[in-house]
Amino acid sequence: MSTFHTAVGTVFVLCFLLFLRLIYITPALNPVPPEQTPKHRHRHLLVVLGSGGHTAEALSLLSSIDIFKFTQRTYVVSSGDAFSARKATEFEQGLFEKSVKNAAEKQPWGAGRFEVREIPRARRVGQSWLSTPLSCLACLAGCFAALWGGGGGGRLPDLVVCNGPGSAVMVVGACFVYKFLGVAQTRTIYVESFARVSSLSLSGKILYPFVNRFLVQWPGLVSRYPRAEYHGVLV
């Protein structure tokens, strides 16, 4: 009987410690202050692209930030999404041309390096819901590989940015698992679509507690979602 009680006690303690770990890494429960990064440190950015409007908004968002401070950039697209892969490549070509100009003007930042990585789709249009769990697991496995193998192999991203495609849920989920295991300190930012005026998208509702920063583009959403940040129209 004492052995049984010892086993039960051990399981209880382990479950309690795992629960504390879960609370510690969940941003909604334990906000993490912004990382103070040395100015010239090489940084790795991962951006999740989705079909059509999601990709256009994501690349528009990247155009408005200091992209050159990220010397390694990884774009994640779903299998078969040739449009997003092409747009990411075109965006990087524009950065390369800008870096040439910067070099001529003796600016400190070059274009850096980039790659486009493909992951399985979490769910295809018209796919049976019975087979969806299996495809989601395949997508999650692809996300683990994309995160671990991006940026030159074996280097997890410093920052993940996503804005609504279903694959973003799987990518952030993979980041969360890596953080739970203590092998990553990746920060995640979710930018809700401009089209979401009065309510969040399904991806937004799922990711709201788990991302470090949650940005919206309509002020009315801030009153409904306290963790949301409004900084005007971003795309």
Side-chain angles (χ1 to χ4, degrees), residues 22-23 25-30 32 45-59 61-62 74-81 83-85 88 116-150 156-181 183-196 199-217 221 224-225 227-229 234-235:
L22 189 63
I23 292 177
I25 67 168
T26 302
L29 302 175
N30 183 31
V32 179
L45 169 70
L46 185 143
V47 183
V48 184
L49 301 180
S51 301
H54 289 304
T55 289
E57 286 193 359
L59 296 180
L61 176 66
L62 294 183
T74 300
Y75 300 89
V76 172
V77 302
S78 296
S79 58
D81 188 3
F83 172 83
S84 295
V116 178
R117 297 184 68 88
E118 186 177 281
I119 60 174
R121 287 186 179 272
R123 183 175 184 270
R124 297 184 179 277
V125 177
Q127 180 180 343
S128 168
W129 287 105
L130 293 176
S131 61
T132 297
L134 292 177
S135 60
C136 284
L137 287 175
C139 179
L140 184 62
C143 292
F144 283 128
L147 288 167
W148 192 265
L156 292 162
D158 298 291
L159 177 66
V160 169
V161 176
C162 51
N163 73 327
S167 54
V169 175
M170 309 308 292
V171 172
V172 173
C175 282
F176 196 79
V177 172
Y178 276 136
K179 286 193 279 189
F180 185 84
L181 297 176
V183 298
Q185 295 181 332
T186 302
R187 294 181 63 84
T188 50
I189 297 178
Y190 181 88
V191 182
E192 187 57 281
S193 172
F194 178 76
R196 308 305 301 193
S199 63
L200 301 181
S201 62
L202 178 59
S203 296
K205 291 176 181 177
I206 294 173
L207 294 178
Y208 179 75
F210 301 106
V211 293
N212 294 105
R213 298 183 65 185
F214 193 98
L215 309 183
V216 296
Q217 302 187 65
L221 289 171
R224 297 187 60 186
Y225 302 96
R227 293 193 66 235
E229 302 176 36
L234 302 174
V235 298

Using modelled atom types and a 3.5 Å cut-off, is there a donor and acceptor pairing between side-chain atoms of [X] and backbone atoms of [Y]?
X	Y	result
N30	I25	no
R121	S79	yes
S128	L130	yes

Quick one: [atom1] on [X] to [atom2] on [Y], what's the gap to the nearest 0.5 Å?
X	Y	atom1	atom2	answer
H54	L49	NE2	CG	11.0 Å
Y75	L59	OH	CG	6.5 Å
T188	L159	OG1	CG	8.0 Å
I119	L147	CD1	CG	9.0 Å

Can you sort out the partners of [X] under side-chain contact (heavy atoms from CB on, under 4.5 Å), two or more places apart, ordered by chain and number?
X	answer
S135	Q127, T132
L137	none
V216	E192, L200, F214, L221, V222, A228, Y230
L234	L61, V191, L215, Q217, H231

Show me the donor-acceptor pairs, under 3.5 Å and distance only, between side chains in residues 164-180 and residues at least two apart or in other chains.
from: Y178; atom 1: OH; to: F144; atom 2: O; distance (Å): 3.0
from: K179; atom 1: NZ; to: T186; atom 2: O; distance (Å): 3.2

Closest contact, heavy atoms only, D81 versus G50: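 Here D81 and G50 meet closest at OD2-C, 3.7 Å.
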Which heavy-atom pair separates A184 from L156 by the least distance, and what is that distance?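 Answer, listing the atom of A184 first, then L156: CB-CD1, 3.5 Å.
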Please identify each residue that fulfils side chain to side chain donor-acceptor pair (under 3.5 Å) with R227, with sequence neighbours left out.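 None.
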Scan residues 207-217 for pairs that pass salt bridge (Lys or Arg N to Asp or Glu O under 4.0 Å), counting only residues two or more places apart or in two chains.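 Every pair satisfying salt bridge (Lys or Arg N to Asp or Glu O under 4.0 Å) with a residue in residues 207-217: R213-E229.
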Pick one: which of L46, V48, V47 meets side-chain contact (heavy atoms from CB on, under 4.5 Å) with C162?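 When L46, V48, V47 are each tested with C162, the side-chain contact (heavy atoms from CB on, under 4.5 Å) holds only for V48.
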When you compare the side chains of Y190 and S201, does any donor N or O come within less than 3.5 Å of an acceptor on the partner?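 S201 and Y190 do have a side-chain donor-acceptor pair below 3.5 Å.
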